[in-house]
Amino acid sequence: MNYKCPCCGFYTFKEKAGGSYDICPVCFWEDDMIQLENMYTENQLVKIAKRENNKKRNYLVVNKIQGKHIPVIPSKAFAMFKELAELLKKEYFNERLLLVGFAETATAIGASVASFLNCNYIQTTREQVSNVEYLFFSETHSHATEQKLVKDDIDAVIDKIDRIVFIEDEVTTGNTIRNIIDILEDTYQKGIKFSVASLLNGMSREAEQNYQAKSIQMHYLVKTNHAEYEKKAEKYKGDGFYYKEEDYKEEAFQLNLDEWIQNHCITCSGYLNARRIVNSKGYEDSCALLWEQIKNKLLLRERRILVLGTEEFMYPALYVALQIEKEIGCKCDSESEVRFHATTRSPIIVSREQEYPFHERYQLKSLYDKKRTTYLYDLKDYERVIVITDAPADEKEGLYSLLLALRKSGNQKIDIVRWC
Ligand SMILES: O=P(O)(O)OC[C@H]1O[C@H](OP(=O)(O)OP(=O)(O)O)[C@H](O)[C@@H]1O
């Protein structure tokens with residue numbers, strides 16, 4: 001009889017995991033007691049969803065704690081990001097690091113890890129940044145393949161750092177990061193050291209060997225086994241609830257949208273844009289200032305509060321959600337009422353099967369570009385919803401659709417916080 005690997009869930013161990021130092025032949029996890037006591041597991045973190053009309057990769061790896069597609073408890077997300085930061089702290093305590101977080105899902109992870117390590121941080125972006133040159137690279141499997149990094153900022157720090165660490169929610173083939181590394185090496189022609197730190201790593205042994213051959217170091221919390229993901233995604237029926245803008249008409253009749261926005265929108269100062277390099281301490285200080293303003297202006301008395309980020313703008317909203325959670329004093333899952341997630345460009349099917357991660361999908365116009373479609377999944381009704389965004393104020397249609405979707409899902413008390 002074989003025993004389950006606590007990391008990937010396959011029955012690969014001859015004895016029950018408990019410090020044997022045996023290595024799992026599927027995910028290469030080593031049975032070490034210290035790891036066992038502190039570890040996150042694939043079963044605990046991962047759910048598989050199905051991407052809509054994506055022939056290159058039909059599945060999406062959804063992390064249940066991270067805070068992007070699924071509403072999460074903010075402190076749990078931060079605790080997991082801290083674990084990732086600890087791995088890097090041990091390894092690179094005497095190096096000067098630049099951390100790069102990948103848009104859109106990994107931007108809050110990247111900023112949090114940078115904050116724990118107190119180093120410089122920049123995120124990749126799919127938005128426009130004025131008056132800069134970019135390094136373009138491609139995320140070929142994705143719903144939005146074009147990615148960019150502000151070149152002017154990399155130029156400014158490239159001679160002052162020892163290593164670039166790419167922060168990801170998950171690495172599947174490792175190709176996206178290889179693309180940007182190739183571009184950085186071509187552009188700067190110098191011996192930059194590279195590492196990748198991700199919550200999840202599903203690279204094959206061959207892909208890992210390619211990284212090792214290029215001396216790209218890999219760090220992760222959980223090794224994932226993608227062997228069954230494609231099949232698993234395929235079997236979901238896609239029979240969930242899909243709401244489109246025409247379904248929000250009833251809510252639209254009840255509201256004068258412009259007047260509503262005027263009355264429910266606050267503007268906060270001190271904005272820092274992490275699409276440009278930021279010092280993580282300065283970024284955190286600016287988020288703290290954002291929280292102070294929100295606290296003073298909104299006078300929060302509710303216990304069931306949702307904080308929403310928008311697309312690749314996530315860390316400041318997650319930071320504020322954490323402060324609200326602390327303020328309310330939520331200590332454990334059953335009491336905690338504060339949740340965080342974000343609008344996303346990812347088109348994912350929704351399905352009624354209970355184990356499937358998404359059951360309802362609200363289609364929206366993007367707050368950044370009304371021609372772009374975005375989504376919110378599994379909206380519940382809360383006592384209060386706080387949307388925090390750095391989207392331009394003149395792009396109103398996205399905000400209208402978000403507001404109407406929130407009302408459709410039973411939310412009445414909604415605040416919009418613009419950070420600029
Ligand atoms: O190792 P690779 O094969 O290159 O794949 C990894 C990428 O795939 C996922 O992005 P996803 O397409 O889910 O969307 P996102 O980039 O908007 O987060 C993930 O966030 C990584 O960025």
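Nothing here was measured: the structure is a model prediction, and the numbers come from that model. Counting starts at 1 for both ligands and their atoms, in listed order.
- Across Tyr382 and Asn411, no two heavy atoms sit closer than the pair N-OD1, 2.7 Å.
- Per-residue contacts place Glu168 under 4.0 angstrom from the following atoms of ligand 1 (heavy atoms of the residue considered): 19 (C), 20 (O), 21 (C), 22 (O).
- Of the charged side-chain nitrogens involved, at least one lies within less than 4.0 Å of a carboxylate oxygen, so that Asp415 and Arg384 count as a salt-bridged pair.
- Taking the centre and axis of the six-membered ring of Tyr92, the NZ or CZ atom of Lys89 falls outside the cone set by 45° and 6.0 Å.
- Listed by atom number, the atoms of ligand 1 under 4.0 Å from Leu60 heavy atoms are 13 (O).
- Taking 4.0 Å as the cut-off, Arg345 does not count as a neighbour of ligand 1 on heavy-atom distance.
- For ligand 1 and Arg51, the ligand atoms under 4.0 Å from any heavy atom of the residue are 11 (P), 12 (O), 13 (O).
- Those atoms of ligand 1 that come under 4.0 Å of a heavy atom in Thr105, given as number and element, are 15 (P), 18 (O).
- Atoms of ligand 1 lying under 4.0 Å from at least one heavy atom of Val171, given by number and element, are 1 (O).
- Between His219 and Phe166, the distance separating the two ring centers is not shorter than 6.0 angstrom.
- Distances between N or O atoms of Gln147 and those of ligand 1 include no value under 3.5 Å.
- Under a 4.0 Å heavy-atom criterion, Met203 is not in contact with ligand 1.
- The residue His226 has no part lying near ligand 1, judged by heavy-atom distances below 4.0 Å.
- Residue contacts with ligand 1, taken as heavy atom pairs separated by less than 4.0 Å, do not involve Ser346 at all.
- Less than 4.0 angstrom separates some heavy atom of Asp169 from each of these atoms of ligand 1: 19 (C), 20 (O).
- A cation-pi contact, defined as under 6.0 Å to the ring centre and within 45° of the axis, links Lys148 to Tyr134.
- For Tyr59 and His226, the ring centers are positioned less than 6.0 Å apart.
- Of all the atoms in ligand 1, the ones that sit under 4.0 Å from a non-hydrogen atom of Thr173 are 1 (O), 2 (P), 3 (O), 4 (O).
- Looking at Glu170 against ligand 1, both its backbone and its side chain come within 4.0 Å, counting heavy atoms.
- Considering backbone and side-chain atoms together, Gly174 places an N or O closer than 3.5 Å to an N or O of ligand 1.
- Of all atoms in ligand 1, listed by their number and element, those nearer than 4.0 Å to a heavy atom of Glu104 are 15 (P), 16 (O), 17 (O), 18 (O).
- Residues Phe358 and Tyr377 bring their aromatic ring centres within 6.0 Å.
- Classification of Lys50 and Glu234 as a salt-bridged pair holds, one side-chain N sitting under 4.0 Å from a carboxylate O.
- Although no hydrogens or angles enter the test, the distance criterion places a donor-acceptor pair under 3.5 Å between the side chain of Lys64 and the main chain of Asn43.
- Ring pair Tyr362/Tyr242: centre-to-centre distance not below 6.0 Å.
- Contacts with ligand 1 closer than 4.0 Å are made by side-chain heavy atoms of Glu139 only, the backbone lying farther away.
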Original post:
What do the steps show when you test Arg372 against Glu127 for salt bridge (charged side-chain N to carboxylate O under 4.0 Å, His left out), and what is the final call?
Top reply: CA-CA 12 Å; Arg372 184 193 303 159; Glu127 303 296 341; 2.8 Å; yes
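- Heavy-atom distances between Gly202 and ligand 1 stay at or above 4.0 Å for every pair.
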